[in-house]
Structures are given as C-alpha cells and as structure tokens.
2 protein chains.
Amino acid sequence: MSPSRPAGLVRQARTPRQGIPDATVARLPVYLRALTSLAEHGVTTVSSEELATSAGVGSAKLRKDLSHLGSYGTRGVGYEVEYLVYQISRELGLTQDWRVAIVGAGNLGRALANYGGFASRGFTVVALLDAATDLIDQEVAGLPVLAVTELERVIAQEQVQIGVLATPACAAQDLCDRMVAAGVTSVLNFAPCVLNVPGHVMVRKVDLSTELQILAFHQQRGAAAGLGYGGLGEQSQDGPGAAEVAG
Amino acid sequence: MSPSRPAGLVRQARTPRQGIPDATVARLPVYLRALTSLAEHGVTTVSSEELATSAGVGSAKLRKDLSHLGSYGTRGVGYEVEYLVYQISRELGLTQDWRVAIVGAGNLGRALANYGGFASRGFTVVALLDAATDLIDQEVAGLPVLAVTELERVIAQEQVQIGVLATPACAAQDLCDRMVAAGVTSVLNFAPCVLNVPGHVMVRKVDLSTELQILAFHQQRGAAAGLGYGGLGEQSQDGPGAAEVAG
DNA sequence: AGGCACTTGTGAACGAACGCACAAAGTCAG
DNA sequence: CTGACTTTGTGCGTTCGTTCACAAGTGCCT
Ligand SMILES: NC(=O)c1ccc[n+]([C@@H]2O[C@H](COP(=O)([O-])OP(=O)(O)OC[C@H]3O[C@@H](n4cnc5c(N)ncnc54)[C@H](O)[C@@H]3O)[C@@H](O)[C@H]2O)c1
Ligand SMILES: NC(=O)c1ccc[n+]([C@@H]2O[C@H](COP(=O)([O-])OP(=O)(O)OC[C@H]3O[C@@H](n4cnc5c(N)ncnc54)[C@H](O)[C@@H]3O)[C@@H](O)[C@H]2O)c1
C-alpha cells in the first residue's frame, strides 16, 4: 500500500539490508527504546524473547524484523544490547543530526518545542514560526518565535530537513507547499487534514481525534479484544506508511 | 494481528456490519472528516472518486471500506453526504458521548485539554489530574486540575470510559493500572513506553519520537517514494491496532 | 420505451505481513 | 572432543489487506 518501496524499480539487491518492510521500520523505534532502557539498567545481552516482551511484540516477529538489518546476534546467546542499539540507530539514520522546524507556536507547537524527547535522539528544533504578531519574538524553549514570512529564508539557511505542522487545518496546505518549495522533504502533520505533496516528499500524520474515534469504535462493540483476559498483543500507533499525492 | 476479530469463532455473519477490518476502522474517521468538510461547503452528494480524493485514498479502497458498513450509496449517483456522515458516526459510536479523563497536566496535557477538536466530536474531557502540587486547583480550559489521589473517585463518579496518559513514562504503567482498576477500558497513551493491560482493555499509543524516526529513515534512504513526482498515496498515521498484554 | 453514460458493490487475483516450527549455529560442562 | 542445551535466523502456510475489473443498478436523454 505504501509507496515507500520503489514501485518495480531497483530490484537488484546486493547489500543485505535492502528494502526493509514498512511494518518493520515502524517497529524499529520501539525496539530501540526498549534496548536503551535495558542498557540503562545495566543489561548487556538480551534474548529475542526478553526483548520482545520489553517491546510488547512476539519473539518471532522481533527476530524476523532484526534479520532484515543483518545477522547481528549470536545463536545460543542473544543480542548484545549496545551493538544492536548502534545498528538500529544507524539504520534509522539517527547517527546524523536532523534539523526540524515547527510551524505554529500554539498550544501544541509550544509543547513540542519544550519536549526533551526530540533532542535526546538526533532531532534538533532549529526554528519555531508563527503568524500571530503577539507571539513573535517570544522565547519558547530557548528559541525565539519567528514570523512565518521568514519561513523560506529560515528553511534554506538552517538547512531544515523535517517540517512539523502545528497550525490550524486551513493554513496547513499552504504552509506545507511553502516548506516543500523551500526544500523540506519530510513533514509531520498535526493538523486534521490531508496534505497534497509531490512524490518525493513524505508526510506522516498524527491525529488525536482519529485515535479517540478508533477507541470509541472498539469500546462500543465487543469492548476491546473480546476475550476475557490474557493474550499477547501490540500497542498500536501506526502501521504502514508513507504518503504523497500528485503534486 | 490485532485481536479485535474473535479468533476463529463467529464465522456466521448475518448482519452486514459484522467484523469490520481494523484497517477500515482506522480510515473511517478520515472519511468522516472529509464528509463533514464537504457538507460545510454545501455539497449534498459525492461519488466515491471525489470522496476518495478528498480523503487521500484510492476509490476502490474507499468503496470496499464503505461496503463493510452496508449498502448506502446509489449506483450511478454516489453517496448522500449527510446520510453517510450519520452512518459512519453511528458505526464509530459517535452518537453517544464519551467521557475522557486526562492524567498529567504538563505541556501536552494542557494542550490536549485546550484542544477544541475533542468536544466537537462526542468527546468530553471531564477531568484533568496531576501529581504536582503547584498545578492542583489551577484552572485549564475551564477545568480545575485535580490531585491524582482523586483518580479512582473521579473515574467512578464521572463514569470515565477513556483515559489519556500525558505523564512521564516512568509513571505511566502505574497510573494505567489504577485507571483500569477503576473501570477505564480504553487508554490513549502519549508516554513513550509499552503498557501492560488486561485483555479487555484497549490501548492506543501516540509517539512523536517514533514518527520522526520513521521520517528520518525514509529520508535517509531513497528520499521518500523514490520516483520523481506524481502518484496517489495515503497519509499515514496509523494502521492496525488494538492492544493488550497479559494482565 | 430504449439506449447510454455513469457509479456502486464485489468476486477474484495479488501482495504484504504474521506466526509456527525447525535446522543451523553457537555455548558450556565435563 | 563430545554431547546436551540454548537461541538465532528463516522457509512455509495462513491470514489480512489492497487492487483490478466488471456485472448490476440508476438516472437521463432521445
Ligand atoms: N492542542 C491539541 O491538543 C491538538 C490536538 C489534536 C490536533 N491538534 C491540531 O494541531 C493544530 C494546532 O493545535 P493548537 O492547539 O496548537 O492550536 P492553537 O490555536 O493553539 O495554535 C495554532 C497556532 O498556529 C498559528 N497560525 C495560524 N495560522 C498560521 C499561519 N498561516 N502561519 C503560521 N502560523 C499560523 C496561530 O497563530 C496559533 O499560534 C491544529 O490543527 C489542531 O487541530 C491540536
Ligand atoms: N510535550 C510533547 O510535545 C511530547 C511529545 C511526545 C511525547 N511526550 C510525552 O508525553 C508525556 C508528557 O509530556 P509533557 O511534555 O506534557 O511533560 P511535562 O513534564 O510537561 O508534563 C508531565 C506532567 O505529568 C505530571 N506527573 C508526573 N508524575 C505524575 C504522576 N505520578 N501522576 C500524575 N501526574 C504526574 C507532572 O507533574 C507534569 O505536570 C511524556 O511522557 C512525554 O514523553 C510529550
């Protein structure tokens, strides 16, 4: 479904890590978090079973996921935590720093700017922009709020790669277009709307209203899983995933 | 993968709307939003093609999704917007009001409490709780912040069905357990951790850090879709989805 | 009335993802 | 060095989801 796999093109695969399934990619950050947590607790080695439990998935799925990155892990022993952390980080591209701009300094935009969880991985918020004149020049998380009119200049100058949209829905498409025109190729959209972007740009959407509606649906019918209790399962958030709509 | 379908049981399906696929459920809110937007613009009828474009999906997928709810829609004409809005709303359980409690009145919790998009659908935030003494009794979005020690009482008294976790990860599991024990059966979790819950409770997770990492991954490789431009696609956010881990 | 253009709903083919189960590969004790 | 035990990596059948393509229904125009 998702077009992240290059259509039919590029079938030749010399390197082992070629064409990691989207479902796997979506889980790698979860594994990474579980691993870093284990590392902080002094664990140096984990079996797929233990790590799977930590991450809330089945062990078979975990092993298959990891096998897509290569054969790290030692039979009879397990995986070396630190080494695996490095490998997953590298695969996800977290060894480099990513430069992020947040557009919209409302409730959500400010919460995001203040959030420490970004910088702790390789994501640096380099700019925070808004249209409201009374917000401009206010300082949020050590950054001054800039006028949206500066958007093109800032993106080019700061070499922003990832844009975060936290504005009302009606403004999102226009701002997205401007960001893309200025060179952004990845967008994280919090506005409740569909964005049209050229094919080389990837959009991911976070929509809280949708999440609540899905919960409501399941609660309305059989009350969640349907069985009494027990059973292993995942924690949803996201599944497949890329995005683009004809530009 | 998600346990929302009762294993192998219940194969007989007399009613048309029996066992809607998870992937479909996750898209219904998107259709609903597109439809309400069209309704506001005075549109009374849409074809699957138009609606699909509005929602950012393919028309075949949209028709199949809608067919799971029943045969609303008229051949040769399309769907009546208002009627379809009602049917989807009913299917999602939005005809009743859902009572939500937010735990954690930090940056994110306050942003959520202030967000109008919840109430506009059938979700009412009935309580906002926190542990920090200096936040308690502060007023946010017309609600006083309550002490977490009140959690059990408030959930029972206000008949909270959905709990939202916006606390640090370390406190999330404990608070989740308490909410579940107090009667909550649906949890929306913003803390970056996996929650263990009994089988009858559904958890959905929203993790911004994960989203950024997925964007980084795709950008690091072929730069999104891989092709030059054009092409239809989805906007990701979420896919399958339930959750429970042996209690 | 009949033909025509249009759109839904769905059967069937295809593809992606999951989970089982097991052989291969390693460790460790003796 | 051997043999028992542990755990990875993966081939395979199954399930779930998407896409194609078309028959069946609807409205309109002549
Ligand atoms: N707050 C939440 O919890 C929440 C939850 C779900 C979705 N959202 C969505 O996230 C978005 C932001 O939410 P919020 O609560 O921060 O809203 P908000 O009203 O607090 O903030 C929006 C900000 O965007 C700015 N803005 C408006 N037009 C702009 C433009 N053209 N260019 C630049 N900035 C502009 C406004 O000045 C304002 O500061 C909305 O689309 C909302 O639907 C928010
Ligand atoms: N702010 C963001 O943009 C953002 C983004 C992604 C994830 N998150 C996650 O969301 C959660 C909240 O983020 P935040 O930015 O609001 O953090 P925050 O520190 O601003 O707020 C956390 C709040 O939880 C309260 N709290 C702590 N322990 C508690 C307990 N035992 N019971 C009740 N309340 C308790 C604290 O008093 C504080 O008010 C965190 O887990 C964070 O990782 C936040």
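Note on naming: letters A, B, ... go to the chains in the order of the sequence lines (proteins, then strands), and numbering restarts at 1 for each one.
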Tell me: CD of B:Glu49 to P of C:dG9, nearest whole Å?
-> 14 Å
Which whole-number value in Å describes the distance from A:Leu62 CG to D:dG9 P?
-> 10 Å
Which residues share a side-chain contact (heavy atoms from CB on, under 4.5 Å) with A:Gln161, sequence neighbours left out | A:Gln96, A:Trp98, A:Arg99, B:Gln219
Among C:dG9, D:dT10, D:dG17, find the nucleotide with the atom closest to the side chain of B:Ser71.
-> C:dG9
B:Ala119: side-chain contact (heavy atoms from CB on, under 4.5 Å) partners, not counting sequence neighbours = none
Between atom CD in B:Glu80 and atom C1' in C:dT7, what is the gap in whole Å?
-> 16 Å
Residue pairs passing the salt bridge (charged side-chain N to carboxylate O under 4.0 Å, His left out) test where at least one lies in residues 31-56 of chain A, sequence neighbours excluded | A:Arg33-B:Asp207
side-chain contact (heavy atoms from CB on, under 4.5 Å) between A:Asp174 and A:Arg178, worked out = CA-CA 6 Å; A:Asp174 177 54; A:Arg178 289 175 57 188; 4.0 Å; yes
D:dG9, C:dT10, D:dG17: which one has an atom nearest the side-chain heavy atoms of B:Ala23?
-> D:dG17
Spacing of B:Ile20 atom CD1 relative to D:dC16 atom P, expressed in whole Å | 15 Å
Per-nucleotide protein contact along nucleotides 20-30 of chain D, 5' to 3', at a 4.0 Å heavy-atom cut-off (B base, S sugar-phosphate only, - neither), is -B-BBBSS---
Any residue meeting salt bridge (charged side-chain N to carboxylate O under 4.0 Å, His left out) with A:Arg75, in chain and number order, not counting sequence neighbours = none
Under the side-chain contact (heavy atoms from CB on, under 4.5 Å) test, residues paired with B:Ala34 that sit two or more places apart = B:Leu51, B:Ser54, B:Ala55
Apply ring pair (Phe, Tyr, Trp, His ring centres under 6.0 Å) to A:Tyr86 and list each qualifying residue two or more places apart in sequence or on a separate chain.
-> none
Would you kindly give the NZ-to-P distance between B:Lys61 and C:dA12, to the nearest whole Å?
-> 22 Å
Has A:Ser48 got a side-chain N or O lying under 4.0 Å from the OP1 or OP2 atom of D:dT7?
-> no
Ring pair (Phe, Tyr, Trp, His ring centres under 6.0 Å) partners for B:Phe118, two or more places apart | B:Tyr115
For atom CG of A:Leu66 and atom P of D:dT7, their distance in whole Å = 16 Å
In which stems does DNA chain C show up, taking only runs of three or more Watson-Crick or G-U wobble pairs whose two distances fall under 3.5 Å?
-> C:1-30 with D:1-30
When rounded to whole Å, the OH to C1' distance for the pair A:Tyr79 and D:dG9 reads 7 Å
Would you find more than 12 non-hydrogen atoms of other residues, nucleotides or ligands less than 6.0 Å from B:Gln173 atom CD?
-> yes
Rounding to a whole Å, what distance do you find between B:Leu51:CG and C:dT8:C1'?
-> 13 Å
